[in-house]
Amino acid sequence: MNRNLPVNVDRIAEDIDALAKVTEPGHPWTRRAFSPLFLEGRAYIEARMKMAGLETRIDAAGNLIGRRAGTKPGLGTIMVGSHSDTVPDGGRFDGIAGVIAALEVARALKDQAITLQHDLEIVDFLAEEVSIFGVSCVGSRGMTGQLPEAWLSRTSGERDLAQGILCVGGDPATLLAQRRPDLKGFLELHIEQGPVLENEKKDIGIVTAIAGITRIEVTVEGRADHAGTTPMDARADALVAASQLVLDIRNAAAERAKTPGHFAATVGEFRIEPNAANVVPSKVVLLIDGRAEIRSDMEDFCRWLDAHVVKLAIAHGVTINSPSRVSDNYPTPGNPGLLKTLENACETVGARHRRMASGAGHDTAWIAKVAPAAMIFVPCKEGRSHSADEWAENDDIALGAAVLFEAVREMDRTLDREALDGTHTR
């Protein structure tokens, strides 16, 4: 790798390795939000922020922020960052790479005595992963006034989310009123969590959109009968019908995945009643996780599903309810101006790049609702993520940090002279 980069490769590796050691024994790499280990990791990050000359604080939503003042007070804030919490048993780079790369941008600016006109903030968002309270992206939603008030009452053990936020240094009493009108642009680096960049030997993925996530519940009801005495042609087996539905969903998603936009659908939850070896299953409830870069693709899938379950119910002699959308989030496009800025930055540092969608959710999706935002991917080994096998090469992360560095400098020059196509509101 070309080491003639504006960032310090070894410093990035040192920080990622240090955070990897802050984990539950026997469960690498586990540092869940709101846990003592999470706070230990946060303390390390905050100390490194201070060493970089950043002024640190915890905002009302529990986000750790390091600030570097610009030369023109009131011009606005450029923000870069990600999250340091992990899923259980996996997350050595997921989120962490983005936080450390962002921190390295601030350090590189200091090393080179470059002062921006805009304020620069490096952020470690609280609880991007699904937390012990059953919700995710707590910090990015909370920072921007998008956290549902009812979430504060969600409990885990003897405490609720409000108490959890308080324990990490946030202020739940003022959280719901928090806004960030000063944000002029946001960037996030993340490992791809897929194999495309590695397979195509690309250095950087420029994220065109974060796929919308739609979760759909379907209930199949048949009739409980004796498994040994009921004739095979006289059964209303809910599991047989549900199993066929799972296969049909997989095939329907595979066909839609061949279209230009990213599409995926998975049956990830499956509950059977009465779940006894000698009883014909009477009821199955399944939950579909659907993801689409293009909203019309998801609407088309939902129309297909609505019609298909009717046909399937008749064919199997069961009852299938109308599919119910449990949650439904629209895709979030990257800001066109920032996508171009990132492409320019890739060219500056000599990074091979391609445009691509994100099938996973990220904090960027919530920041993008209030300010111009975009993100980049760096390769990860075999696309593995959310597992102990997750791995990203430090040189790849460093190259991504160099892209962020160049993009931040261009943003500082152009944010107030260009509209960045003004597409961050919908």
Side-chain angles (χ1 to χ4, degrees), residues 49 52-83 98-99 101-110 112-126 137 139-147 174-175 177-189 207 332-345 362-376 401 403-426:
M49 285 180 169
L54 301 177
E55 178 185 345
T56 63
R57 72 181 191 277
I58 304 290
D59 72 1
N63 300 303
L64 171 62
I65 298 171
R67 179 177 177 273
R68 187 172 190 260
T71 60
K72 294 186 177 180
L75 192 59
T77 303
I78 296 172
M79 181 176 282
V80 191
S82 192
H83 63 96
V99 173
L103 174 58
E104 183 57 28
V105 169
R107 293 188 293 214
L109 290 169
K110 180 185 178 185
Q112 298 171 45
I114 297 171
T115 304
L116 305 178
Q117 300 177 81
H118 295 78
D119 294 339
L120 176 68
E121 289 190 351
I122 308 307
V123 61
D124 170 22
F125 288 113
L126 176 65
C137 293
S140 50
R141 294 178 200 245
M143 175 185 284
T144 54
Q146 300 177 81
L147 185 80
T174 62
L175 167 60
Q178 181 169 257
R179 300 291 186 275
R180 289 299 305 268
D182 62 306
L183 288 182
K184 298 299 182 181
F186 172 77
L187 298 176
E188 179 177 9
L189 175 148
V207 179
T332 304
N335 179 272
L338 289 184
L339 296 183
K340 181 60 178 174
T341 295
L342 289 168
E343 286 180 330
N344 293 341
H362 298 282
D363 287 309
T364 297
W366 298 98
I367 303 301
K369 296 181 187 300
V370 301
M375 66 186 303
I376 61 171
V403 171
L404 291 182
F405 176 87
E406 297 296 345
V408 164
R409 295 193 66 191
E410 182 173 331
M411 289 167 68
D412 187 51
R413 294 189 298 266
T414 63
L415 274 175
D416 294 286
R417 294 200 303 270
E418 299 176 359
L420 292 177
D421 295 334
T423 58
H424 63 275
T425 57
R426 292 188 300 282

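- For the side chain to side chain contact (heavy atoms under 4.5 Å, CB included) with L187, the qualifying choice from M411, M79, M375 is M411, the only one to do so.
- Of all heavy-atom pairs between T332 and K369, the closest is OG1-NZ, 4.4 Å.
- Between D59 and I65 there is a side-chain heavy-atom pair separated by less than 4.5 Å.
- In summary, R180 and E121 engage in a salt bridge, as defined by a charged side-chain N under 4.0 Å from a carboxylate O.
- Closest approach of A101 and L189 over heavy atoms only: CB-CD1, 4.1 Å.
- Counting heavy atoms of neighbouring residues, nucleotides and ligands inside a 6.0 Å radius, atom CD of Q146 exceeds 12 of them.
- Under the 4.5 Å side-chain criterion, counting only non-hydrogen atoms from C-beta, V207 is not in contact with I376.
- For the residue pair L339 and G334, the shortest heavy atom distance occurs at CD1-O, 4.0 Å.
- Salt-bridge formation is not detected for the pair R68/D119: no Lys NZ or Arg NE/NH1/NH2 atom is positioned less than 4.0 Å from an Asp or Glu carboxylate oxygen.
- Within the 4.5 Å cutoff, the side chain of F405 has heavy atoms near those of the Q112 side chain.
- Across every non-hydrogen atom of A52 and R107, the tightest pair is CB-CG, 3.4 Å.
- R67 places none of its side-chain heavy atoms less than 4.5 Å from the side chain of L54.
- Taken to the nearest 0.5 Å, the OG1 atom of T115 stands 9.5 Å off from the CG atom of D412.
- The distance from the OG1 atom of T144 to the CG atom of N63 is 9.0 Å, given to the nearest 0.5 Å.
- At least one side-chain heavy atom of F186 sits less than 4.5 Å from a side-chain heavy atom of V123.
- Once rounded to the nearest 0.5 Å, the distance linking CD1 of I114 with CG of L116 reads 8.0 Å.
- The CG atom of N335 lies 14.0 Å from the NZ atom of K340; values are rounded to the nearest 0.5 Å.
- Distance check, rounded to the nearest 0.5 Å: CD of E410 to CG of L342 gives 9.0 Å.
- Using a 4.5 Å heavy-atom cutoff, the side chains of W366 and M143 are not in contact.
- At a threshold of 4.5 Å between non-hydrogen side-chain atoms, the residues T77 and L120 do not count as touching.
- To the nearest 0.5 Å, atoms CG (D363) and CG (L126) are separated by 9.5 Å.
- In terms of heavy atoms, E406 sits closest to A345 at CB-CB, 3.8 Å.
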* Applying side-chain hydrogen bond (donor to acceptor under 3.5 Å, both in side chains), run through E188 and S82 and close with a yes or a no. => CA-CA 6 Å; E188 179 177 9; S82 192; 2.7 Å; yes
